[in-house]
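Hydrogens, waters and symmetry mates are skipped; everything else that's a heavy atom, side chains included, is used.
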Amino acid sequence: MTSPLPHILFVNPWIHDFTAYDFWAKPLGLLQLAAICRMHGFDVSYIDCQDRFHPLARPSDPLARNGRGPFLKTRIDPPAVLKGIRRRFSRYGIRPEWFARDLATLPRPDVILITCMMTYWYSGLMETIAEIRKVHPKTPILLGGVYATLWHEHARSYSGADRVISGSCEATIIDIMAEVTGVRQALRFDPDDLDTYPIPAFDLQRTIGYIPLLTSRGCPFSCDYCASNLLQPKRMRRSPAAVIDEIRFWHEKFGVREFAFYDDALLMDAAKHAVPLFEGIAEAGLNVNFHTPNGVHIRGITPKMADLMFRAGMKTLRLGLETTDFDHRNDNKVGAAEFDQALAYLREAGFPDHRLGAYLLAGLPGQDPASVAASMAAVRSRGITPHLTYYSPLPGTPMWEAARAASRYDLAADPVFTNNAILPCWDSEITPAVLTRLKFGDQNLDGIVKVDCE
């Protein structure tokens, strides 16, 4: 009689932060690894410490806000170095006793894999690992993901994991499992061909409110503030047919209607990728909706692309604008005329203004807060919604040294100082009243006060 293959538990840890919200946020990489391990015969299970639909929680509508919604929040003390910040700090996710119960209910795992999506969330990861140790003190815990890659030595020193894996590990996860468990399986997919990968194991969730889609990996741009090329240096694409098959699978088998593109460069080389993708989706006649939380590149929006996205079911379209200070951009991405032309194409295709938005960056080193307010006002004057995204300094990126020089914190000392919620590269803390004026494009920003972090 053949003995069963090892049991692998995958864990999405708690978030510790000043604010957090389920805005199309799922651990796609972790669940991709779960799918690969399952493909190779391993027994897999999953616990999501951020689960909004835990059976012990108050009922939550999985379709509210297209599957998005607030996490359960429990106020906790902030890290000692952030006690001077005048904002509430919380654990986002299920209660620790629920997590302990879930751990005890599952069969004993032979190995545990855990991730950490934001570098400055590592204290939530540490708490999660500490709780796991109480129930499974001898089970090896492996850590991967963004924090493990960008702050590798910090993760090795402080996370509590037995092994910290840097970079993408889909190609090596079966070898890693062989090293840890002693069970070796022959590779059943081609790591260089995304079409041979199994679809991520989102079915391990209790409720599937939406599905993140990754149709390509890597990014042809090299923005100074971005770590995409460090996390995924190789550019790879799935075939449009494979993506459409995945959409059809989730829609027909699980009734999913909401899909969010996670691509960093969805519209690049559109003739070979986005055009046949959206043509195929439109022709399939599926009653589904699409969203672009990562933003799309404005230069990729042509009359044909705008029409295809509208016909395919794109419901919320976010443009990667970053600033309307076009004369001082250094990324050569887009100018004012191109931005206005893209908006004209989208409106001609049928997109109403309330479904369009533009991302603007705030908190960059040397950035004048008034210029952010001016960009907010400029976007709003065009009839669409501006969305602020706050800069988080990332080691290894071209902007890292400038961020260190501009920051009021010692960024290299602790990832917690890179939390974008504290705008670490501005000389002063933004009060709630000033932040509100900033969001509404009010350039009168008197009221910024110095932070006392002693």
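- A donor-acceptor contact under 3.5 angstrom links the side chains of Asp414 and Tyr122, judged on distance only.
- Under a 3.5 Å cut-off, the side chain of Gln205 and the backbone N or O of Phe202 do form a donor-acceptor pair.
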>> If you apply the rule side-chain contact (heavy atoms from CB on, under 4.5 Å), what do you find for Leu356 with Leu319, and how did you get there?
In response: CA-CA 8 Å; Leu356 303 176; Leu319 310 178; 5.8 Å; no

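- The NE2 atom of His40 sits 13.0 Å away from the CZ atom of Arg38 when rounded to the nearest 0.5 Å.
- Using modelled atom types, one side-chain atom of Ser392 and one backbone atom of Thr418 make a donor-acceptor pair closer than 3.5 Å.
- Ion pair Asp192/Lys234 flagged as a salt bridge, since at least one NZ, NE, NH1 or NH2 atom sits closer than 4.0 Å to an Asp/Glu carboxylate oxygen.
- Here the closest non-hydrogen pair linking Pro212 and Glu246 is O-OE2, 4.5 Å.
- A 6.0 Å sphere centred on OH of Tyr158 holds no more than 12 heavy atoms belonging to other residues, nucleotides or ligands.
- Checked against a 6.0 Å centroid threshold, the rings of Trp250 and Phe254 count as neighbours.
- When all heavy atoms of Leu204 and Ala34 are compared, the pair lying nearest together is CD1-CB, 4.0 Å.
- A salt bridge between Arg75 and Asp77 is absent, with no side-chain N of the basic residue lying under 4.0 Å from a carboxylate O of the acidic one.
- Sorted by first then second residue, the salt bridge (charged side-chain N to carboxylate O under 4.0 Å, His left out) pairs that include residues 142-171, not counting sequence neighbours, are Arg133-Asp162, Glu153-Arg156, Arg163-Glu179, Glu170-Arg217.
- For His387, the side-chain contact (heavy atoms from CB on, under 4.5 Å) partners two or more places apart in sequence, or in a different chain, are Arg318, Tyr359, Thr385.
- Considering CG of Leu360 and OG of Ser375, their distance stands at 5.5 Å, rounded to 0.5 Å.
- Side-chain contact of Thr215 with His273: a donor-acceptor pair under 3.5 Å is present, judged by distance alone.
- Here CG of Leu106 is found 12.5 Å from OH of Tyr46. Values are rounded to the nearest 0.5 Å.
- Atom CG in Asp110 sits 10.0 Å away from atom CE in Met177 (nearest 0.5 Å).
- The side-chain tip of Arg95 points at the ring of Trp98 from less than 6.0 angstrom away and within 45° of straight on.
- The backbone N or O of Phe221 sits less than 3.5 Å from a side-chain atom of Asn229, completing a donor-acceptor pair.
- Side-chain atoms of Pro240 and Lys272, non-hydrogen and from C-beta on, never get closer than 4.5 Å to each other.
- Shown here for Ala148 and Ala155, the closest heavy-atom pair between the two residues is CA-CB, 4.2 Å.
- In the model, His54 has no side-chain atom that pairs as donor or acceptor with a side-chain atom of Asp48 under 3.5 Å.
- A donor and an acceptor atom, one from each side chain of Ser228 and Asp264, are located under 3.5 Å apart.
- Using a 4.0 Å cut-off between charged side-chain N and carboxylate O, Glu258 and Lys315 make no salt bridge.
- Of the possible donor and acceptor atoms, one in the side chain of Ser159 sits under 3.5 Å from a partner among the backbone N and O of Ala161.
- Counting heavy atoms from C-beta on, the side chains of Ile114 and Leu9 never come closer than 4.5 Å.
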> Which is it for Trp24 and Tyr210 under the ring pair (Phe, Tyr, Trp, His ring centres under 6.0 Å) test, yes or no, and what are the steps along the way?
Replying inline: CA-CA 8 Å; Trp24 312 114; Tyr210 59 85; 5.0 Å; yes

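- For Ser407 (side chain) and Tyr409 (main-chain N/O), a donor-acceptor pair under 3.5 Å exists by modelled atom type.
- Considering all non-hydrogen atoms of both residues, Leu388 and Ala362 come closest at CD2-CB, 4.1 Å.
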>> Pair Phe18, Phe89 - check ring pair (Phe, Tyr, Trp, His ring centres under 6.0 Å), show working.
In response: CA-CA 4 Å; Phe18 296 100; Phe89 197 78; 5.1 Å; yes

>> Working note: Glu322 + Tyr225, criterion side-chain contact (heavy atoms from CB on, under 4.5 Å); need CA distance, chi angles, decisive distance, verdict.
In response: CA-CA 11 Å; Glu322 298 170 13; Tyr225 55 82; 2.4 Å; yes

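- Looking at His297, its side chain never comes within 3.5 Å of a backbone N or O of Leu267 through a donor-acceptor pair.
- A distance of 8.0 Å separates CG in Leu394 from SG in Cys226, rounded to the nearest 0.5 Å.
- Here Cys219 contributes atom SG and Arg235 contributes atom CZ; the two are 7.0 Å apart, rounded to the nearest 0.5 Å.
- When all heavy atoms of Glu127 and Pro96 are compared, the closest pair comes out as OE2-CG, 4.4 Å.
- Side chain of Arg408 to backbone of Trp426: a donor-acceptor contact under 3.5 angstrom is found.
- Residues Ser239 and Asp195 have side chains that bring a donor and an acceptor to within less than 3.5 angstrom of each other.
- Checked by atom type, the side-chain pair His7/Ser45 shows a donor-acceptor distance below 3.5 Å.
- When the shell of 6.0 Å around CZ of Arg88 is examined, it contains 12 or fewer heavy atoms from other residues, nucleotides or ligands.
- Considering all non-hydrogen atoms of both residues, Tyr262 and Asn294 come closest at O-ND2, 2.6 Å.
- With hydrogens and angles ignored, the 3.5 Å screen pairs no side-chain donor or acceptor of Gln32 with any backbone N or O of Gly29.
- Using a 4.5 Å heavy-atom cutoff, the side chains of Phe10 and Ile112 are not in contact.
- Listed by chain and number, the residues in a side-chain contact (heavy atoms from CB on, under 4.5 Å) with Arg184 are Asp175, Ala178 (sequence neighbours excluded).
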>> If you apply the rule salt bridge (Lys or Arg N to Asp or Glu O under 4.0 Å), what do you find for Arg237 with Asp269, and how did you get there?
In response: CA-CA 11 Å; Arg237 285 194 310 222; Asp269 198 12; 3.0 Å; yes

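- Ring pair Phe290/Phe261 is parallel by interplanar angle, where below 30° counts as parallel and above 60° as perpendicular.
- At a threshold of 4.5 Å between non-hydrogen side-chain atoms, the residues Leu103 and Ile47 count as touching.
- With respect to the salt-bridge test (charged N to carboxylate O, under 4.0 angstrom), the residues Lys26 and Asp51 do not qualify.
- In terms of modelled atom types and a separation under 3.5 Å, the side chain of Thr115 and the main chain of Leu30 share no donor-acceptor contact.
- Of the residues Phe71, Phe99, Tyr92, the one that meets the ring pair (Phe, Tyr, Trp, His ring centres under 6.0 Å) test with Trp14 is Phe99.
- Side-chain atoms of Thr397 and Asp224, non-hydrogen and from C-beta on, never get closer than 4.5 Å to each other.
- A 4.5 Å side-chain heavy-atom check between Arg238 and Val243 finds at least one atom pair inside the cut-off.
- At least one donor-acceptor pair under 3.5 Å links the side chain of Arg188 to the backbone N or O of Met39.
- By the 4.0 Å N-to-carboxylate-O rule, Asp203 lies too far from Lys253 to be salt-bridged with it.
- Taking 4.5 Å as the limit, every side-chain heavy atom of Met399 sits out of range of all side-chain heavy atoms of Pro393.
- Looking only at side-chain heavy atoms (C-beta outward), Leu33 and Leu31 stay at 4.5 Å or farther from each other.
- Aromatic ring centroids of Tyr147 and His152 lie 6.0 Å or more apart.
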